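Below, chains carry the letters A, B, ... as their sequence lines are ordered, and counting in each starts from 1. Predicted, not measured: the structure shown is a model, and the values here were computed from it.
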Number of protein chains: 2
Amino acid sequence: MAKGKRAAAMAENRAKLIRAAREAFATQGYADASMDELTAAVGLTRGALYHNFEDKKGLLWAVVEQIDGEMAERLRIVREQAPTLWQGLLAEGSAYIEMALEPEIQRIILLDGPAVLGDPSKWPGENACLDITMRTIRALIEEGVVKPVDVEAAGRLLNGAALSAALWVAAADDPKSVLNKAVDAFRELASGLLRKAV
Amino acid sequence: MAKGKRAAAMAENRAKLIRAAREAFATQGYADASMDELTAAVGLTRGALYHNFEDKKGLLWAVVEQIDGEMAERLRIVREQAPTLWQGLLAEGSAYIEMALEPEIQRIILLDGPAVLGDPSKWPGENACLDITMRTIRALIEEGVVKPVDVEAAGRLLNGAALSAALWVAAADDPKSVLNKAVDAFRELASGLLRKAV
DNA sequence: TCACTCACATACGAGGCGTATGTCAATAGG
DNA sequence: CCTATTGACATACGCCTCGTATGTGAGTGA
């Protein structure tokens, strides 16, 4: 029964490397993160890295997948706690904007990810955040609350608006007041999807 | 009067390097563009590069400034040709989406630029595109066509939506039909800013 | 004509990535 | 219980790239 000993150790090391990579990529950026330092920080060498992952890019893939999954889960919870679908959509947008304030998400998911791995919409897990937004919009159209727009188009543009807002807020000198303006503007834009004005 | 001989040659070489950099950065991406190859392609060495620009990043700055200026000029023309301000705003958005189809703009301005140089809103020239959008929105508010929203917030979110749409279109298998959907959705979202629905 | 400047080339060192090779513990089989 | 094999990881090497320090020759002013 001592069969899983090596597999367990390997999973442990994979997790350690991903944890270290999240830290390094978030603080130094992908390009400036040294694989030697990163692996040494958790008591390993680059040997472990190239054995567990394809290459440096492969490690970024793993990190991105993990963070993306966490974000999707958080958005799901926010949406489900809202009293109506429409308010859920708005809450999702706000939550997304606020999440992008976190340096880890901002740097890895919003900046380096697209630059290194290409268009996020083609990431495996298919950008779980977008998926959730689209599902909500589809339901709202069926409810008759939202105009019969193209679901994917609306979802992507809403996400893009939220993303832009997030980057703006993150770079602002006074994030708090800017955050309010951004969320307000997001709601105004989103209301353009409504069948009739509120 | 043969005073400008060296200065003229220098300006020439600067231009050549920027041209080569636009080509290299657009096709290979910033990280994978070799400065040796890039300079050799125009008959120079890295010596010229580090003399004319601060470093590799400095060359990217120069390229970004040039492209940004061109984009702003194109958007200005589009806006001025529209019959009304509101239609000008929509036309700007569409034009922006279409511009992001160009690999050069997509790769350099939308992907590598933010990742390497940081938040575009803090670029010198202050992101001329955004500036134009904001001016238009301000005018529309004064006309009473648009709700009294925060100008910067609305401008940024609109730009973000357009950018997202552009990346989507660029990565699509069928850019043409996707472009239509994207532009439609953009108009719907933008209409959320209107004082009364159209 | 001569000294000086400066735009650019050349030479050098440091560091990073990817791969080929080595090593030792964990398993499987007899 | 002993041995062979696997596989996870470490070590060592080569190649490339960036940035800088130094060299050089054409242009410039007196």
Does OP1 or OP2 of D/dT17 have a side-chain N or O of B/S34 closer than 4.0 Å?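 Answer is yes, contact under 4.0 Å.
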
When you check the phosphate oxygens OP1 and OP2 of D/dA8, does a side-chain N or O of A/N52 lie under 4.0 Å from one of them? no

How would you label the contact of B/A40 with the nucleic acid (heavy atoms, under 4.0 Å): base, sugar-phosphate, or nothing? nothing

Just call it for B/A31: base, sugar-phosphate, or nothing, with non-hydrogen atoms closer than 4.0 Å on any strand. nothing

Taking only Lys NZ, Arg NE, NH1 and NH2, and the carboxylate oxygens of Asp or Glu, determine whether B/K181 and A/E152 approach each other closer than 4.0 Å. no

NZ/NE/NH1/NH2 to OD/OE distance under 4.0 Å, A/E92 and A/R135: no

Nearest whole Å is fine: how far is [N] [atom2] from [X] [atom1]?
X     : N      : atom1 : atom2 : result
B/F53 : C/dC8  : CZ    : P     : 10 Å
A/H51 : D/dA8  : NE2   : C1'   : 4 Å
A/K56 : D/dC16 : NZ    : C1'   : 14 Å
B/L59 : D/dC18 : CG    : P     : 11 Å
A/D36 : C/dG18 : CG    : P     : 11 Å

Rounded to the nearest 0.5 angstrom, the CD1-CE distance for B/I67 and B/M99 is 11.0 Å

Choosing from D/dC13, D/dA10, D/dC18, which nucleotide comes nearest the side chain of A/R46? D/dC13

From C/dC8, D/dC9, C/dG16, pick the nucleotide closest to the side chain of A/E37?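 Taking heavy atoms from C-beta onward, the closest nucleotide is C/dG16.
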
Within-4.5 Å side-chain heavy-atom neighbours: A/I18 and A/F53: yes

